[in-house]
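Ligands are counted one by one from 1 in listed order, and the atoms in each one are counted from 1 as well. Quick caveat, the model's predicted, so the values are computed rather than measured.
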Amino acid sequence: MKSDRLLLRGRLLSFKSEPQSPDDVSAYDYIEDGALLIEDGMIIKRGTYCDVVADAGDAEIVDHRPKLLTAGFIDTHIHFPQVQIVASWGAQLLDWLNTYTFPEETRFVEESHAAAMACRFFDLLTNHGTTTSVAYCSVHKTSANAYFEEAEQRNMRVIGGKVMMDRNAPDGLRDTPQSGYDDSKELIEKWHGRGRAHYAITPRFAITSTPEQMEMTGALVKEHPDCFVQTHLSENRNEIAFTLELYPEARDYLDVYQRYGLLSDKMLLGHSIHLEDREIGALAETGSRPVFCPTSNLFLGSGLFDDAGLRSKGIVNAIATDIGAGTSYSMLQTLNEGYKILQLQDQKLHPLRAFHWITRGNAVALGLEDKIGTLDPGTEADIVVLDSRATDAMALRMERATTLSEELFVLQILGDDRAIEEVYVAGRAQKGGSGQQRSNEAQTVSGVRSAA
Ligand code: GUN
Ligand code: ZN
């Protein structure tokens, strides 16, 4: 009988540490004619093709030369119920939430809708090279169950949670302190640690949670210290002002979360743009992780994330799409816009650090670098195959590229889903596979009315 071993051949790039400069070759392993041997969803050997094939036995061999293999991308902040409101026009954060986002999320009470969207969501992620997502589901348990069920079917390592929100939101989109606690607890018991799933306790943000809900969230965090916690922080000036009105006793926005005991290295804080010095000190002290969401910050006009400022205090920043305020599922396009946001502040995002960030760097921010984010033997076989000549423009540019860093920068700036040749999740190829449910474009188009 044929074994279920798989050997992938191609150019391999895997990071060992965060590159400290554009030519920090000590931070990564690069093998020109490399191979990975995969068994039971795990990478069991990495090396030159000659070395690895000697141990491969009757493994199936897939030759991806001359494409580049890296660890699958990790998206550390994305809203699963917002897939159908990406590119909604005109508003900044609070209006955008009230006009588009909240009405859309009410639809996820329906099991069949949530299940259908979960399938489309994960198709989109893997087609863009993302193998791990950290998602906000809607307030409804149904949406979190749909998210985890679909991920489980695909054997993806995912993190997620139902949002808790008990005020400043429409009917059909509010829980209560007690039901938010009970539903989250039930979901933790069902999903946290099951297969490749982790639960994130998810108070949406200070504006949509009463102090009573924050109190119960703090209790939940205390009872489940190994769960992640995620929320939003200081994305927009009006949001900050409203938050401080709602929590007049708080020293600043972060203090709302801090006073309820939510901060730790398990805490992911989306945006974290307009921060006071005290807040930055508290982030550093508690090890909490700000999450940079470049396409979203530009789309909503939220502001410029101070990556270098936070890093200089020893803070570990993650990076993410923040779909549906984000405008691309692609972590490559996320890097592209991130590069420009940092340029505006005279900061640099060089390609080695960029590729480290969306793979091992985000894994480190999640404390999961022993499982995902590299091509190291003993880690899970979540792998992306990159084609740096995927478009005419990229191919033309690549005619003049001579170094790995140049090639990575072409991918970082010009790349998107077209540059994703193949994706492996726990060793199984995803692109164009039978699990894919393609979108029905004809139906979508016929549903669009002309503008009045
Ligand atoms: N703050 C609270 N909820 C959200 C959300 O859904 N998207 C963004 N970008 N910010 C938020
Ligand atoms: Zn968000």
Side-chain angles (χ1 to χ4, degrees), residues 75-88 90-108 117 121 133-140 143-144 147 159-170 173-175 180 200-210 213-214 217 228-243 246-247 253-254 256-257 262 267-274 289-305 317-329 334 337 341:
D75 188 345
T76 54
H77 183 124
I78 184 165
H79 295 261
F80 149 58
Q82 296 177 14
V83 287
Q84 291 193 301
I85 55 147
V86 178
S88 291
Q92 293 213 345
L93 177 63
L94 299 180
D95 288 337
W96 176 83
L97 286 170
N98 288 319
T99 309
Y100 303 111
T101 314
F102 290 164
E104 180 66 14
E105 292 194 9
T106 60
R107 304 175 70 205
F108 284 73
M117 289 300 127
F121 175 79
S133 53
V134 183
Y136 289 66
C137 303
S138 73
V139 72
H140 318 98
S143 78
Y147 173 79
I159 300 167
K162 89 161 209 95
V163 291
M164 291 181 279
M165 47 196 294
D166 67 343
R167 66 170 167 187
N168 290 317
L173 210 63
R174 290 187 309 273
D175 53 13
I201 297 166
T202 310
R204 183 178 202 122
F205 68 157
I207 289 176
T208 47
S209 286
T210 58
Q213 177 153 76
M214 285 297 180
T217 303
F228 291 90
V229 189
Q230 59 179 348
T231 188
H232 296 84
L233 174 71
S234 296
E235 178 175 4
N236 166 293
R237 301 262 183 219
N238 293 338
E239 172 211 17
I240 296 168
F242 191 21
T243 298
L246 292 169
Y247 286 92
Y253 193 159
L254 185 66
V256 176
Y257 305 135
L262 307 190
M267 171 56 117
L268 300 162
L269 292 150
H271 308 292
S272 302
I273 297 171
H274 310 283
R289 318 296 203 201
V291 185
F292 179 24
C293 304
T295 69
S296 166
N297 297 163
L298 293 172
F299 182 72
L300 292 180
S302 301
L304 306 179
F305 181 83
N317 297 328
I319 185 166
T321 64
D322 191 31
I323 290 287
T327 53
S328 174
Y329 289 87
T334 301
E337 299 304 303
I341 286 180

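Ligand 1 places these atoms under 4.0 Å from at least one heavy atom of Glu235: 1 (N), 8 (C), 9 (N), 10 (N), 11 (C). Listed by atom number, the atoms of ligand 1 under 4.0 Å from Asp322 heavy atoms are 8 (C), 9 (N). Of all atoms in ligand 1, listed by their number and element, those nearer than 4.0 Å to a heavy atom of Ala325 are 9 (N). The atoms of ligand 1 that sit less than 4.0 Å from any heavy atom of Phe205 are 1 (N), 2 (C). Interface atoms of ligand 1 facing Leu93, defined by a heavy-atom separation under 4.0 Å, are 8 (C), 10 (N), 11 (C).
Between the side chain of Asp175 and the backbone N or O of Met165, at least one donor-acceptor pair lies under 3.5 Å. Here the side chain of Glu104 pairs no donor or acceptor atom with the backbone of Ile85 at under 3.5 angstrom. Remark: the backbone N or O of Asp322 is not paired with any side-chain donor or acceptor of Gln82 at under 3.5 angstrom. Judged by distance alone, with hydrogens and angles left aside, the side-chain atoms of Ser234 form no donor-acceptor pair with the main-chain N or O of Ile273 at under 3.5 Å. At distances below 3.5 Å, not a single donor-acceptor pair connects side-chain atoms of Tyr100 with backbone N or O atoms of Asp95.
Looking only at protein heavy atoms, the nearest one to atom 1 (N) of ligand 1 is His232 CG, 3.4 Å. What sits closest to atom 7 (N) of ligand 1 on the protein, heavy atoms only, is Trp96 CZ3, 3.5 Å. With hydrogens left out, the protein atom closest to atom 3 (N) of ligand 1 is Arg204 NE, 2.8 Å, a heavy atom.
Only the side chain of Gln82 comes within contact range of ligand 1, with a heavy atom under 4.0 Å; no backbone atom does. Contact annotation: for Ile207 versus ligand 1, there are no heavy atoms closer than 4.0 Å.
When the heavy atoms of Glu239, His79, His271 are ranked by distance to atom 5 (C) of ligand 1, first place goes to His79.
With rounding to the nearest 0.5 angstrom, the OH atom of Tyr329 is 11.0 Å from the OG atom of Ser133.
Each protein N/O/S atom under 2.8 Å from the Zn ion (ligand 2) was counted, for a total of 4.
Under the 30°/60° scheme for interplanar angles, the aromatic rings of His79 and His232 are found to lie parallel.
Glu337 and Asn297 form no side-chain donor-acceptor contact under 3.5 Å, judged by distance and modelled atom types alone. Looking at His271 and Asn236, their side chains never bring a donor and an acceptor atom within 3.5 Å of each other. Judged purely by distance below 3.5 Å, without hydrogens or angles, the side chains of Glu239 and Tyr253 pair a donor atom with an acceptor atom.
A distance below 6.0 Å separates the ring centres of His77 and Tyr136.
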